[in-house]
Chemist: 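My questions all concern the structure below.
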Amino acid sequence: MFVARSIAADHKDLIHDVSFDFHGRRMATCSSDQSVKVWDKGESEEWHCTASWKTHSGSVWRVTWAHPEFGQVLASCSFDRTAAVWEEIVGESNDKLRGQSHWVKRTTLVDSRTSVTDVKFAPKHMGLVLATCSADGVVRIYEAPDVMNLSQWSLQHEISCKLSCSCISWNPSSSRSHPPMIAVGSDDNSTNIGGKVQIYEYNENTRKYAKAETLVTVTDPVHDIAFAPNLGRSFHILAVANKDVRIFTLKPLRKEMSSSGGPAKFEIQTVAQFDNHNSQVWRVSWNITGTVLASSGDDGCVRLWKANYMDTWKCTGVLKGDGSPVNSALNPQSMGLLNPSAVLSPSSSQNPFNGPSGGGRKL
């Protein structure tokens with residue numbers, strides 16, 4: 001069912017993120033060795049490193065691809081308090097770089113005073129928009145007014161979340177009935193503070209992002225968060241990784257919108273919660289249709305989750321860090337009620353990347 005291939009990543013330190021491009025034929029990795037590597041899948045289905053360069057002066061936490069409509073563009077963020085945007089240059093001949101793609105830094109975003117913990121491009125229908133979050137509890141949203149000039153980015157919004165931010169996820173829905181929405185997770189260790197996941201929604205009247213909901217049941221530090229792709233649903237599905245895997249549905253309550261045009265409120269339900277990893281869960285990632293969720297944890301396994309026709313989430317597969325299946329994973333005791341996403345564990349010594357995988361098409 002699954003074919004696993006290991007890749008000699010050749011990073012000199014822990015790998016923190018793996019991100020696939022829109023088509024799943026390119027991959028980027030980032031590491032505490034302060035570098036980003038770009039990989040391309042060849043005709044033989046083998047991955048080849050086509051670029052590797054030092055990107056920051058600290059650990060690089062995340063790397064992410066823009067939609068190919070905007071070219072071959074990457075963004076990265078780091079402990080050095082910055083985020084950076086990179087663009088691939090093609091067609092330039094250079095004997096030293098023959099066979100290697102050439103990536104150029106287009107801008108450095110320096111507004112954060114603390115570590116920038118996540119960076120994500122917005123859905124393409126919003127234009128070339130980039131969100132970052134930082135340990136200082138601020139989400140910043142930037143826009144490139146001219147997509148042909150990636151050296152110019154303007155800071156459009158600053159959202160103060162009051163808690164240290166660890167991860168963000170854009171709602172990918174392009175429906176006109178769904179305004180732009182972003183979910184923010186916090187890794188704050190205070191057990192007396194609930195609501196480690198906050199949902200912000202754009203308000204056309206005020207032209208600002210306002211808090212729409214707080215997931216008060218999430219009280220443990222959140223490591224990753226991911227909205228499921230939306231292919232026509234009227235509601236949203238959100239996966240959260242902390243000490244377990246959780247899946248929430250957010251159903252808009254339009255009739256309860258305030259007359260002043262405030263953010264829509266949601267009926268929030270926890271539709272799945274799984275502790276099968278028996279450890280911290282580091283990444284959650286959806287397939288392209290939003291029907292399968294993959295999660296990875298400190299148990300060194302990737303677990304796949306899918307809902308049946310009764311909307312009951314169950315574990316449909318378990319892979320060890322080396323890609324081999326866990327035969328005992330699907331016994332009745334380990335069957336959960338979860339959903340679909342894919343991730344790798346940052347502490348799994350068998351993981352060919354020695355780190356968690358994030359974003360992109362993995363399934």
Side-chain angles (χ1 to χ4, degrees), residues 58 61-62 64 75-85 107-123 126-145 153-172 178-227 236 238 240-242 248 250 252 257-258 260-266 268:
W61 301 131
R62 299 269 193 161
T64 187
S76 58
C77 64
S78 169
F79 181 75
D80 69 5
R81 303 178 294 180
T82 70
V85 176
T107 195
T108 302
L109 306 172
V110 297
D111 299 282
S112 176
R113 294 184 298 276
T114 56
S115 174
V116 181
T117 51
D118 200 359
V119 58
K120 290 287 193 309
F121 285 102
M126 292 175 57
L128 192 51
V129 173
L130 184 68
T132 68
C133 70
S134 306
D136 60 9
V138 178
V139 173
R140 295 175 175 88
I141 298 176
Y142 301 86
E143 183 175 10
W153 291 79
S154 59
L155 178 59
Q156 298 287 336
H157 304 279
E158 280 191 320
I159 306 170
S160 179
C161 300
K162 304 295 193 291
L163 291 174
S164 171
C165 301
S166 58
C167 50
I168 49 179
S169 176
W170 288 97
N171 185 343
H178 298 155
M181 183 190 307
I182 192 167
V184 186
S186 171
D187 57 359
D188 189 289
N189 287 312
S190 305
T191 55
N192 60 338
I193 300 177
K196 298 290 172 64
V197 174
Q198 301 175 40
I199 312 289
Y200 292 87
E201 198 173 56
Y202 184 70
N203 185 310
E204 286 285 357
N205 296 329
T206 63
R207 297 194 174 184
K208 291 183 179 180
Y209 282 83
K211 186 187 295 185
E213 289 291 349
T214 300
L215 304 188
V216 294
T217 59
V218 181
T219 57
D220 296 292
V222 173
H223 306 301
D224 197 21
I225 194 168
F227 273 110
H236 315 296
L238 183 68
V240 175
N242 51 12
F248 297 88
L250 291 80
M257 281 187 68
S258 65
S260 62
K265 298 299 181 182
F266 299 89
I268 300 175

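Quick caveat, the model's predicted, so the values are computed rather than measured. We count residues from 1, following the sequence as given.
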Chemist: List the atom of Val116, the atom of Ser112, and the distance in Å for their closest heavy-atom pair.
Modeler: CG2-CB, 3.8 Å

Chemist: List the residues meeting salt bridge (charged side-chain N to carboxylate O under 4.0 Å, His left out) with Asp136, not counting sequence neighbours, and say none if there are none.
Modeler: Arg140

Chemist: How close do Pro145 and Glu143 get, heavy atom to heavy atom, and via which atoms?
Modeler: CD-O, 3.2 Å

Chemist: Can you give me the closest heavy-atom contact between Val222 and Cys167, atom names plus distance?
Modeler: CG1-SG, 3.7 Å

Chemist: Can you tell me how far apart OG (Ser186) and CG (Asn242) are? Round to the nearest 0.5 Å.
Modeler: 11.0 Å

Chemist: For Trp153 versus Thr107, what's the shortest heavy-atom pair and its separation?
Modeler: CD1-CG2, 3.3 Å

Chemist: Can you list everything that forms a salt bridge (charged side-chain N to carboxylate O under 4.0 Å, His left out) with Asp220? Sequence neighbours excluded, please.
Modeler: Lys243

Chemist: Once you round to the nearest 0.5 Å, how far does OH of Tyr209 lie from CD of Glu201?
Modeler: 10.0 Å

Chemist: Would you please say whether a donor-acceptor pair under 3.5 Å links the side chains of Trp61 and Ser115?
Modeler: yes

Chemist: Identify the two heavy atoms, one from Cys165 and one from Cys133, that lie closest to each other, and give their separation to 0.1 Å.
Modeler: CB-CB, 3.7 Å

Chemist: Decide side-chain contact (heavy atoms from CB on, under 4.5 Å) for Val139 and Ile168; before the verdict, give the C-alpha distance in whole Å, the side-chain angles of both, and the deciding distance to 0.1 Å.
Modeler: CA-CA 9 Å; Val139 173; Ile168 49 179; 4.3 Å; yes

Chemist: Check whether more than 12 heavy atoms from other residues, nucleotides or ligands sit under 6.0 Å from atom OH of Tyr202, and answer yes or no.
Modeler: yes

Chemist: How far does NZ of Lys196 sit from OG1 of Thr217, to the nearest 0.5 angstrom?
Modeler: 12.0 Å

Chemist: Going by atom types alone, do Thr132 and Asp118 pair a side-chain donor with an acceptor below 3.5 Å?
Modeler: no

Chemist: With sequence neighbours left out, write down each residue that passes side-chain hydrogen bond (donor to acceptor under 3.5 Å, both in side chains) with Tyr142, or none if nothing qualifies.
Modeler: Asp111

Chemist: Assess the residue pair Val197 and Val184 against the criterion (side-chain contact (heavy atoms from CB on, under 4.5 Å)); give the C-alpha distance rounded to whole Å, side-chain angles, the decisive distance to 0.1 Å, and a yes or no.
Modeler: CA-CA 6 Å; Val197 174; Val184 186; over 6 Å; no

Chemist: For the residue pair Gln156 / Ser154, report whether a side-chain donor-acceptor contact shorter than 3.5 Å exists.
Modeler: yes

Chemist: Which atom pair, heavy atoms only, marks the closest approach of Asp188 to Pro221?
Modeler: O-CG, 3.7 Å

Chemist: Evaluate side-chain contact (heavy atoms from CB on, under 4.5 Å) for Ile141 paired with Leu130, printing each intermediate quantity in order.
Modeler: CA-CA 6 Å; Ile141 298 176; Leu130 184 68; over 6 Å; no

Chemist: Measure the spacing between CZ of Phe121 and CG of Leu128 and express it to the nearest 0.5 Å.
Modeler: 6.0 Å

Chemist: Quick one: pull up NZ in Lys208 and CD in Glu158 and give me the separation to the nearest 0.5 Å.
Modeler: 11.5 Å

Chemist: So Glu213 and Tyr200, side-chain contact (heavy atoms from CB on, under 4.5 Å) or not? Walk me through it.
Modeler: CA-CA 7 Å; Glu213 289 291 349; Tyr200 292 87; over 6 Å; no

Chemist: Short question: side chain of Thr64, backbone of Ala75 - any donor-acceptor pair under 3.5 Å?
Modeler: no

